[in-house]
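Structure first, then comments.
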Protein chains: 2
Amino acid sequence: MSKQDVSISRSGGCCTPISVAALDEATASEGAAVFKALSDPIRLRLMSIIASAGAEVCVCDITPHFTVSGPTISHHLRVLREAGLVDCERRGTWVYYWPLPDRQQWISTLLSVPEPASA
Amino acid sequence: MSKQDVSISRSGGCCTPISVAALDEATASEGAAVFKALSDPIRLRLMSIIASAGAEVCVCDITPHFTVSGPTISHHLRVLREAGLVDCERRGTWVYYWPLPDRQQWISTLLSVPEPASA
DNA sequence: GTCTTGTTTCGACATATGTCTATCTTGACT
DNA sequence: AGTCAAGATAGACATATGTCGAAACAAGAC
């Protein structure tokens, strides 16, 4: 697979990148909502911690990485959840979070820049 | 005009997706700033119009697509400019905007999901 | 020069957002 | 039952943001 094929294959699946066609209002609103969820440094770090974990992450393992209060972390996790980027489940005393890659992949594809055809 | 007051720490080697490694605070702040620029429906549509044009776009051709006032469009374009996503130039009476694909590609890669979304 | 058009900047406003403390819910363990 | 700990929720607060109208600015037409 060539490097050019990567961006093309990523764009081929679920949606048309903005570099190819302008967004209609509804799609723009939906996409903007996802971007808004990632528009805070703490939330973006939270997302990266959950996405990179390769497994469920306990909130108790997340909180120590930050200086803000527990409720603030909880609030940010809820925003990520409501954006469809993560989901969670309580098991016993602890709550575990995991990523929902579909949404993440969607906006990634939306932003992908097709390789300029050099020919 | 073309002022770009955002320092871009990367560029050459691009970056590691969040699905692979968690972000440090500095990169998270930088990334969140770009996402914030795209977190408004009007700005996301503006970005898509400029990115998909394949050429410079005159502001006079952009404004009619929206119902908000001219100053509001100008404000949103400035946010995109300060995020390093677009640049512009005045030529005669009109101002033309074009995309800066580096920033766009950067956050696209940041969000890319290496593994298949649903295995 | 003055006028007209296109675009940005300014100043103000209502609403949204991030953060905190205090309180509540859930479940584990005596 | 009672108690404790992990998280979530509620309410309050200061700040940030999106929007507008008015004014300023830039460049061409007259």
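Just so it is clear, the structure is predicted and the values come from calculations on it, not from any experiment. Here is how names work: the chains are called A, B, and so on, in the same order as the sequence lines, proteins then strands, and each is numbered from 1.
Residue A:Leu80 contributes atom CG, which lies 12 Å from atom P of D:dA8 at whole-angstrom precision. The CZ-P distance, from B:Arg43 to D:dT17, rounds to 9 Å in whole Å. The CD1-C1' distance, from A:Ile62 to D:dG7, rounds to 12 Å in whole Å. The CG-C1' distance, from B:Leu77 to C:dT8, rounds to 11 Å in whole Å. Atom CD of B:Glu82 and atom P of C:dT8 are 12 Å apart (whole Å). Atom NZ in A:Lys36 sits roughly 11 Å away from atom C1' in C:dT15 (whole-Å rounding). Regarding B:His76, its NE2 atom lies at a distance of 15 Å from the C1' atom of C:dT9, rounded to whole Å. Atom CZ in A:Arg81 sits about 6 Å away from atom P in D:dT9, given to the nearest Å.
A donor-acceptor pair is defined here as one N or O able to donate and one able to accept, closer than 3.5 Å; no such pair exists between the side chain of A:Arg103 and the backbone of A:Leu85. Although no hydrogens or angles enter the test, the distance criterion places a donor-acceptor pair under 3.5 Å between the side chain of B:Thr109 and the main chain of B:Gln105.
Remark: B:Trp94 CH2 is loosely packed, at most 12 non-hydrogen atoms of other residues, nucleotides or ligands lying under 6.0 Å away.
If you check every strand for non-hydrogen atoms under 4.0 Å, B:Cys58 touches sugar and phosphate atoms only. Within the nucleic acid shown, A:Ile42 comes within 4.0 Å of sugar-phosphate atoms alone, with no base atom in reach, counting heavy atoms only. Within the nucleic acid shown, A:Arg90 comes within 4.0 Å of at least one base atom, counting heavy atoms only. A:Tyr96 comes within 4.0 angstrom of nothing in the nucleic acid, heavy atoms only. Residue B:Gly92 is in sugar-phosphate contact alone, with no base atom involved, counting any heavy-atom pair closer than 4.0 Å across all strands shown. Within the nucleic acid shown, B:Arg91 has no heavy atom closer than 4.0 Å to any nucleic acid atom.
Side-chain contact between B:Glu25 and A:Pro41 is absent, with no heavy-atom pair separated by less than 4.5 Å.
Of all nucleotides listed (C:dT8, C:dT7, D:dG7), C:dT8 comes nearest to the side chain of B:Tyr97. Of the listed nucleotides (C:dT9, D:dC20, D:dG18), C:dT9 has the atom at the smallest distance from the side chain of B:Arg78. Closest to the side chain of A:Pro71, out of C:dT19, C:dT21, C:dG6, is C:dT21. Of the candidates D:dA6, D:dG21, D:dT19, D:dT19 carries the atom nearest the B:Thr72 side chain, counting heavy atoms from C-beta on.
A donor-acceptor pair shorter than 3.5 Å cannot be found between the side chains of B:Gln104 and A:Ser112.
Ranked by how close their nearest DNA chain D nucleotide is to the 5' end, B:Thr93 and B:His75 are led by B:His75. If you find the closest nucleotide of DNA chain C to A:Asp40 and to B:Val59, the one lying nearer the 5' end belongs to B:Val59.
For the OP1/OP2 pair of C:dT19 and a distance below 4.0 Å, the side-chain nitrogens and oxygens of A:Ser69 include no atom meeting the criterion.
A cation-pi geometry, defined here as NZ or CZ lying under 6.0 Å from the six-membered ring centre and within 45° of its normal, holds between A:Arg91 and A:Tyr96.
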